Amino acid sequence: MIRFRGDVEGLRAVAVLLVILNHLGVAGFGGGFVGVDVFFVISGYLITSLLAAEYADDALAGRGRGRISIPAFYVRRARRILPAAVVVVIAVVVGAHTLLNPLRADEVTHDAWWALLFGSNVNFINQATDYFQQGLAQSPLQHYWSLAVEEQFYLVWPALFAIVARVHGLSLFGYRLWWERRVALSAALLGAASLAWSVSDTANDPASAYFSTFTRGWELALGALIGVAMRRSAGLPARLAEALAAGGAALLVVACVTIDDTTPFPGDAALLPTLATAALLLAGSGGRTPLVGRLLSLRPARFVGRISYSMYLWHWPLIVFAQALYPIGSVSIAGRL
């Protein structure tokens, strides 16, 4: 099993609070939507770390090259994702049919089916939805696009991980590639292709680029690369880890301050929050947690991080319903709160 990291749990808290404060329109958090990018990198890191640990443990048990159980992986994901996600979808549909006009309620029901099938991002691309559009027409399930991206990525990644890890005899420039290096190379190549796609599509079709798995996959791949590359590492030297953690925290602040709804996104602008997250993950990978990591590991941050998934699921429908039911009162931050 992988080592539990309190700093990662605290980083999840930072990510969800950035998103919520952005959605509430709090001044200074115009770039808070980058919290989703932080989530993507963390998710790729954690899931790949678990896959790598399972493969390595199976290999050590004397079963040869090692195996991972893809059905068991999906069962674990379903247990983690589905209960809360389904409850929120049901609550939103019931609320829409109770509180909103019939036309709007039917639109919400349509979005709900896509959300349950983890296809929300495709749905909003088909609707030519602008994520940054302000107004009363926003779907209370629009935030499910990020869950769809993650689950679509994980339809492919575990199987690719298993195939690449079990291929023997592969070498590069005369050097034999062990399974960790093969998986890391696959994640790097997949991520590079997705990043190139992201830059191109953001310039040519920014609305769909925001929701697309092809333009977001590199963020999950970056986390996956760190998860498998650092598996055998004892961590970075203490001074380097401290500097990297401080730099990552500063870079995340810069991302929140300099990125806003006028920034072409994701594209290369998403490198700011994703590299910041990568730096924080790398800095805390050793035995000694740097100062920033210790701050993230404080109990209040870890508590928020622990419930961040539910906070993410519930906050957006509440904001959208508040706007629909109290269009004047919800204009102010106090009203939204």
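By convention here, the first residue in the shown sequence is residue 1. Treat the numbers as computed from the prediction; the structure is a model and nothing was measured.
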Transitive ILVMFWY side-chain link Phe214 to Leu222, under 4.5 Å: no
Less than 4.5 Å apart, any side-chain heavy atom of Arg80 and any of Tyr309? yes
Kindly compute the distance separating CZ (Arg12) from CD1 (Ile307), expressed to the nearest 0.5 Å. 11.0 Å
Let me see the working for Trp218 and Ser198 under side-chain contact (heavy atoms from CB on, under 4.5 Å), right down to the final yes or no. CA-CA 9 Å; Trp218 67 273; Ser198 181; 3.7 Å; yes
Checking the side chain of Arg302 only, and the main-chain atoms of Gly6 only, is there a donor and an acceptor separated by less than 3.5 Å? no
Ring geometry between His143 and Trp316 (parallel below 30°, tilted from 30 to 60°, perpendicular above 60°): tilted
Can you measure from CZ (Phe265) to CG (Asp260) and round to the nearest 0.5 angstrom? 11.0 Å
Between Leu17 and Met311, is any pair of side-chain heavy atoms under 4.5 Å apart? yes
Separation between CG (Leu291) and CG (Leu295), nearest 0.5 Å, reads 4.5 Å
Phe124 and Trp145: CA distance, side-chain angles, deciding distance, ring-ring contact (aromatic ring centres under 6.0 Å, His included) verdict: CA-CA 8 Å; Phe124 294 123; Trp145 75 268; 9.2 Å; no
Determine, stepwise, if the pair Phe153 / Phe40 fulfils ring-ring contact (aromatic ring centres under 6.0 Å, His included). CA-CA 10 Å; Phe153 181 84; Phe40 283 154; 9.2 Å; no
For the residue pair Asn121 / Thr213, report whether a side-chain donor-acceptor contact shorter than 3.5 Å exists. yes
For Ala85, does its backbone N or O pair with a side-chain atom of Tyr144 as donor and acceptor, under 3.5 Å? yes
From Tyr154 OH over to Phe118 CZ, what is the distance, rounded to the nearest 0.5 angstrom? 13.0 Å
Is the backbone N or O of Tyr312 less than 3.5 Å from a side-chain atom of His315, with the two atoms forming a donor-acceptor pair by type? yes
State, with a plain yes or no, whether a side-chain heavy atom of Ser212 is found less than 4.5 Å away from one of Asp205. no
Any donor-acceptor N or O pair under 3.5 Å, side chains Thr277, Tyr45: no
Residues Ser139 and Asp111: side-chain donor-acceptor under 3.5 angstrom: yes
Examine Leu21 and Leu18 and state if one hydrophobic cluster contains both, with Ile, Leu, Val, Met, Phe, Trp and Tyr joined whenever side-chain heavy atoms are less than 4.5 Å apart. yes
Asp7 vs Leu280, side-chain contact (heavy atoms from CB on, under 4.5 Å): CA-CA, chis, key distance, verdict: CA-CA 9 Å; Asp7 60 327; Leu280 290 165; over 6 Å; no
Heavy-atom side-chain proximity of Ser194 to Thr215 below 4.5 angstrom: no
Apply side-chain contact (heavy atoms from CB on, under 4.5 Å) to Glu107 and Gln127, showing your working. CA-CA 11 Å; Glu107 292 173 349; Gln127 293 179 17; over 6 Å; no
Within a strict 4.5 Å, meaning less than it, do heavy atoms of the Ser285 and Arg5 side chains meet? yes
Where is the tightest heavy-atom contact between Gly119 and Ala148, given as atom of each residue plus distance? N-CB, 4.1 Å
Distance-minimising heavy-atom pair for Ala221 and Ala187: CB-O, 3.6 Å
Flag the pair Asn123 / Trp113 as yes when at least one side-chain heavy-atom distance between them is below 4.5 Å, and no otherwise. no
Given side chains that start at C-beta, do those of Trp114 and Leu141 come closer than 4.5 Å, heavy atoms only? no
Would you say Val253 ends up clustered with Val26 if hydrophobic residues are merged whenever their side chains have heavy atoms under 4.5 Å apart, either directly or through other cluster members? no
Ala209 to Pro266 - nearest heavy-atom pair and separation: O-CD, 3.6 Å
Are Val92 and Leu325 grouped together when hydrophobic residues (ILVMFWY) are joined by side-chain heavy atoms under 4.5 angstrom apart? yes
When you measure from the side chain of Ser297 to the backbone of Gly293, do you find a donor-acceptor pair of N or O atoms at a distance under 3.5 Å? yes
When rounded to the nearest 0.5 angstrom, what is the spacing between CD in Glu150 and CZ in Arg216? 11.5 Å
Which atom of Thr202 lies closest to which atom of Pro264, heavy atoms considered: CG2-C, 3.7 Å
Please check if the side chain of Ser200 supplies one atom and the backbone of Ala196 the other of a donor-acceptor pair under 3.5 Å. no
Are Leu275 and Leu240 connected into the same hydrophobic cluster when the rule is that any two of I, L, V, M, F, W, Y join if their side-chain heavy atoms are below 4.5 Å apart? yes
May I ask you to decide if Ser69's main-chain N or O and Glu54's side chain share a donor-acceptor pair within less than 3.5 Å? yes
For Thr48 and Phe161, the nearest pair of non-hydrogen atoms, with its separation, is CG2-CE1, 4.1 Å
Does a donor on one side chain sit under 3.5 Å from an acceptor on the other, for Arg231 and Tyr55? no
Look up atom CG in Leu313 and atom CG in Leu147, then write down how far apart they are to the nearest 0.5 Å. 6.0 Å
When you compare the side chain of Val183 with that of Trp157, does any pair of heavy atoms fall below 4.5 Å? yes
If I compare all heavy atoms of Ala96 with all of Ala105, which pair ends up nearest, and what's the gap? O-CB, 3.6 Å
More than 12 heavy atoms of other groups within 6.0 Å of Tyr74 OH: yes
side-chain contact (heavy atoms from CB on, under 4.5 Å) between Ile259 and Leu272, intermediate numbers included: CA-CA 9 Å; Ile259 295 174; Leu272 278 175; 4.2 Å; yes
